[in-house]
Amino acid sequence: MKGTAIATPNIALIKYWGKRNEKLILPTGNNISFTLDEQLATKSTVEFSEKYKQDELWINGKNYSNPEQMKKSKPQLDFIREIAGINTKAKVVAESLVPVAGGLAGSASGLCAQALAAAKALNLRVSKKQLSIICRIGSGSACRSVYGGFVEWEKGESPDGSDSHAIQIADENHWPEFRCIIAIVEKKEKKVKSRAGMKKTVETSVLYPKRIEYLPLAANIVRNAILKKDLPTLLEATMRDSNNMHSVMLDTWPPIIYLNDVSKQVINSIHDFNSEGIKAGYSFDAGPNPTIFTVEKHVNEIKNVLKEIERIKDIIVSKSGKGPRIVEDHLI
Ligand code: DP6
């Protein structure tokens, strides 16, 4: 009862920040992402066996099996066991090229790889929709990693979460020139984890209701811009949404500040770079690392802009990923 899968992170163009149901991980609004290629992938093997007395999680050779460290992994394993009608414990061994909790969408690739590997281990025939729901039970953003290309997480209406899953807006062949540049400023674990942070925002930010009100409009703009390959419109909406999310973070009490001086320098440099028309669009998740969306022909110019910024340690340029896949070379 062993399965292995590779999944990749995704970076949101319209961000997910806030839940209406904590347990089922149901978001307050639709959100939209771009799936990355395998440069930052996570490979995961899941084995269900009577020889394990409790669930175990190992990432890059390190033991992450205490309850706090397994708070994303375990509910997903429980959910999949419920579907399969078993109680057998599991060992999960993952190799991740994404730093753990560094604000680089590592939980998206990790929980998507675990979901697919576990489904394979138990020989479950799951549709993409079901797989997306299983991913979501681990980590919200993971539900978007089940597709390549551009993906929307439909928030759904049903209280049981059965209609809250990802759909594909356009596959990886729709806009082959589209790129996501990831600049690494910080690999350390963030102080405020996304899960705790977004809960506080929902509870305390006075600006947050305005964000929920504007999200459907922003999602429409981004979805249409993707379908029309309208780069300036897409990038403006993306930058504005990142700024909006970081505003409600700052408006949270106590305030949550993920952006640092390097992030702010990137914001200013990209606006300078765009002075004659929008060619690059920044976006930040729950950390200071910038992701810059663009198309192939502007990549070198943008890299040069980023290289001027001292504390940027590494730059990764990603094409669209194709979504997760099952592999046969197990890690256990
Ligand atoms: C800032 O998916 O990590 O990256 O559902 O609680 O596991 P949980 O949160 P998670 O949050 C990601 C938030 C974000 C924005 C985004 O990816 O949309």
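For ligands, and for the atoms within them, numbers begin at 1 and follow the listed sequence. Residues: numbered from 1 along the sequence shown.
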Requested in this report: Answer yes or no on whether Lys279 is positioned over the face of Phe273, meaning its NZ or CZ is under 6.0 Å from the six-membered ring centre and within 45° of the axis.
Outcome: yes
Query - Ser49 backbone acceptor or donor facing Thr88 side chain under 3.5 Å - result: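 The answer is no, because no donor-acceptor pair under 3.5 Å joins these two groups.
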Query raised in the report: Is Ser139 close to ligand 1, meaning an N/O of one under 3.5 Å from an N/O of the other?
Result: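 Yes, Ser139 has an N/O under 3.5 Å of an N/O on ligand 1.
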Query - Any N/O pair Met245/ligand 1 closer than 3.5 Å - result: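 No: no nitrogen or oxygen of Met245 is under 3.5 Å from one in ligand 1.
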Query raised in the report: Looking at residues at least two apart in the chain, or sitting in another chain, which of them share a salt bridge (charged side-chain N to carboxylate O under 4.0 Å, His left out) with Arg325?
Result: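 Arg325 satisfies salt bridge (charged side-chain N to carboxylate O under 4.0 Å, His left out) with Glu38 only.
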Query raised in the report: salt bridge (charged side-chain N to carboxylate O under 4.0 Å, His left out) with Lys307: which residues, sequence neighbours excluded?
Result: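 For Lys307 there are no salt bridge (charged side-chain N to carboxylate O under 4.0 Å, His left out) partners, ignoring immediate neighbours.
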Requested in this report: Would you name the heavy atoms of Ile133 and His165 that are closest together and state the gap between them?
Outcome: CG1-CB, 3.8 Å
Against heavy atoms of [X], which atoms of ligand 1 measure under 4.0 Å?
X: Trp17; answer: 1 (C)
X: Arg195; answer: 6 (O), 7 (O), 8 (P)
X: Lys19; answer: 5 (O), 6 (O), 8 (P)
X: Ala286; answer: 1 (C)
X: Ile25; answer: 5 (O)
X: Ser107; answer: 3 (O)
X: Met198; answer: 9 (O), 11 (O)

Requested in this report: Look at the aromatic rings of Phe150 and Phe178 and report parallel, tilted or perpendicular, splitting at 30° and 60°.
Outcome: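 It falls in the perpendicular class, over 60°.
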Report task. Run down the list Tyr16, Phe284, Trp153 and name the one with the heavy atom closest to atom 18 (O) of ligand 1. Result ->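 Nearest option to atom 18 (O) of ligand 1, by heavy atoms: Tyr16.
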Query raised in the report: For atom 17 (O) of ligand 1, which of Lys72, Arg136, Arg144, Lys15 has the closest heavy atom?
Result: Arg144
Query raised in the report: Are Lys193 and ligand 1 in contact, using a heavy-atom cut-off of under 4.0 Å?
Result: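 Flag not set, Lys193 not near ligand 1.
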Query raised in the report: Are any of the side-chain heavy atoms of Ser283 and Phe293 separated by less than 4.5 Å?
Result: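 When only atoms from C-beta onward are counted, Phe293 and Ser283 do touch, with a gap below 4.5 Å.
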Report task. Would you check if the distance from the ring center of Tyr16 to the ring center of Trp153 is below 6.0 Å? Result -> yes
